[in-house]
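When reading the values below, keep in mind they use all heavy atoms of this one structure, side chains included, and skip hydrogens, waters and symmetry mates. Heads up: numbering here begins at 1 and tracks the sequence.
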Amino acid sequence: MGNQWVLGFYLVFLSMFLVATKYTCLGAQNSTRSCHERERLALLEFKHSVKDDFEILSSWVGIDCCSWKGVRCDGVTGRVVGLHLRGDFGDYDYYEDGYYLEGDKVNPYLAELRHLQHLDLSGNNFYGSQIPKFIGSFKQLSYLNLSYALFSGIIPHHIGNLSNLKVLDLRSSSYDETRLITSNDMAWVSGLSSLEHLDLSFWGIIGVLAFKKQWRRKLFMIAEVTMDKV
């Protein structure tokens with residue numbers, strides 16, 4: 001009888017130990033999902049560099065940037081892998097009540113988000129600034145949407161480094177001919193070996209002609225290409 005009591009006590013203790021160990025391990029795993037400080041500071045630098053009248057970034061407070069609206073983190077590493085900040089500036093098909101960010105340029109601190117796979121800055125107002133070259137450093141990027149964001153000038157060839165990119169949307173607002181994205185050398189397209197969708201609607205006429213002339217064969221390798229010009 002005494003031995004049975006000892007055995008029962010031992011089994012209860014062992015069960016409690018295993019349960020405690022399990023939740024300790026789970027807690028350790030969850031701790032790795034917390035926002036990385038360097039990436040959190042980079043996001044805050046971006047927040048402070050834009051005008052946010054519509055409080056799109058109002059949730060960007062506290063130490064865990066993975067819980068901020070528009071920010072998506074990897075569930076295991078905690079690295080920022082997605083930034084979805086779509087506004088509705090200049091996109092009349094998407095227009096609702098009007099909300100967008102405004103900035104003179106895209107803050108270069110975003111280059112710290114080296115694990116980005118999804119980047120959507122469409123529908124915001126960047127006042128005719130050029131697409132930043134550092135976007136070409138996001139080697140894991142598979143989705144890039146910079147449409148209707150009032151970017152202008154020559155597209156940087158650095159985007160050709162994005163070999164994992166599947167979707168590239170560079171639509172421009174047709175109402176302002178002085179603020180169109182264009183290119184006179186489309187060699188960067190050859191580096192987009194994974195590209196499935198490309199939208200160049202309302203590009204400057206130089207860019208459209210260059211694309212059609214230099215990369216006619218590439219068109220047949222991309223599942224969907226849009227190049228309307230009005």
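The heavy-atom pair separating Arg40 from Cys35 by the smallest distance is CB-SG, 3.5 Å. Across every non-hydrogen atom of Phe151 and Pro132, the tightest pair is CE2-CD, 4.3 Å. Summarising the geometry of Leu141 relative to Leu162, their closest heavy-atom pair is CD2-CD1, 4.1 Å, with the distance given to 0.1 Å. Residues Gly153 and Gln130 approach most closely at CA-NE2, 4.1 Å, considering heavy atoms. Shortest non-hydrogen contact noted between Asp104 and Ser129 is O-CB, 3.1 Å. Residues Trp188 and Leu192 come closest through the heavy atom pair CZ3-CD1, 3.6 Å.
Across the pair Cys66 and Cys73, the gap between the SG atoms, which is the quantity tested here, stays under 2.5 Å.
The backbone N or O of Arg86 sits nowhere less than 3.5 Å from a side-chain atom of Asn124 that would complete a donor-acceptor pair. The closest donor-acceptor contact from the side chain of Ser122 to the backbone of Tyr148 lies at 3.5 Å or more, if one exists at all. For Asp88 (side chain) and Tyr99 (main-chain N/O), a donor-acceptor pair under 3.5 Å exists by modelled atom type. Between the Thr77 side chain and the Asp74 main chain, no donor and acceptor come within less than 3.5 Å of each other. A donor-acceptor pair under 3.5 Å is formed between the side chain of Ser194 and the backbone N or O of Ser163. Without hydrogens or angle criteria, Asp52 side chain to Leu101 main chain gives no donor-acceptor distance under 3.5 Å. Listed for the Asp120 side chain is no donor-acceptor partner under 3.5 Å among the backbone atoms of His84.
Proximity of the aromatic rings of Tyr100 and Phe89 is defined here by a centroid distance below 6.0 angstrom, and this criterion is met.
Using a cutoff of 4.0 Å between basic side-chain nitrogens and carboxylate oxygens, Arg171 and Asp199 are scored as salt-bridged. At a threshold of 4.0 Å, the pair Arg114-Glu112 counts as salt-bridged, since one of the basic side-chain nitrogens sits closer than that to a carboxylate oxygen.
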request  = Please assess Ile131 against Leu170 for the test side chain to side chain contact (heavy atoms under 4.5 Å, CB included), listing each intermediate value before the final yes or no.
outcome  = CA-CA 10 Å; Ile131 295 173; Leu170 297 177; 4.0 Å; yes
Inset, instruction - For Trp68 and Asp64, run side chain to side chain contact (heavy atoms under 4.5 Å, CB included): C-alpha distance rounded to whole Å, both residues' side-chain angles, the deciding distance at 0.1 Å, then the answer. - result: CA-CA 7 Å; Trp68 297 351; Asp64 186 10; 5.8 Å; no
Which is it for Arg79 and Glu39 under the side chain to side chain contact (heavy atoms under 4.5 Å, CB included) test, yes or no, and what are the steps along the way? CA-CA 8 Å; Arg79 294 292 186 181; Glu39 295 183 337; 3.5 Å; yes
| said: Between Tyr143 and Gln117, does the side-chain hydrogen bond (donor to acceptor under 3.5 Å, both in side chains) criterion hold? Intermediate values first, please. | reply: CA-CA 6 Å; Tyr143 178 93; Gln117 300 172 14; over 6 Å; no
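Note: Phe46 and Trp60 have tilted aromatic rings, judged against thresholds of 30 and 60 degrees for the angle between ring planes.
Note: Ile135 CD1 to Leu146 CG = 5.0 Å, rounded to the nearest 0.5 Å. Taking CD1 of Ile181 as the start and OG of Ser152 as the end, the distance is 8.0 Å to the nearest 0.5 Å. Note: Asn164 CG to Ser193 OG = 7.5 Å, rounded to the nearest 0.5 Å. Atoms CG and NE2, from Leu113 and His36 in turn, are 11.5 Å apart once rounded to the nearest 0.5 Å.
Contact of the Leu83 side chain with the Leu116 side chain is registered, since non-hydrogen atoms from C-beta on lie closer than 4.5 Å.
Shown here is Glu37, whose CD atom has more than 12 heavy atoms of other residues, nucleotides or ligands within 6.0 Å. Within 6.0 Å of NZ on Lys47 lie more than 12 heavy atoms contributed by other residues, nucleotides or ligands.
There is a path of hydrophobic side-chain contacts, each under 4.5 Å, that joins Leu165 to Leu119.
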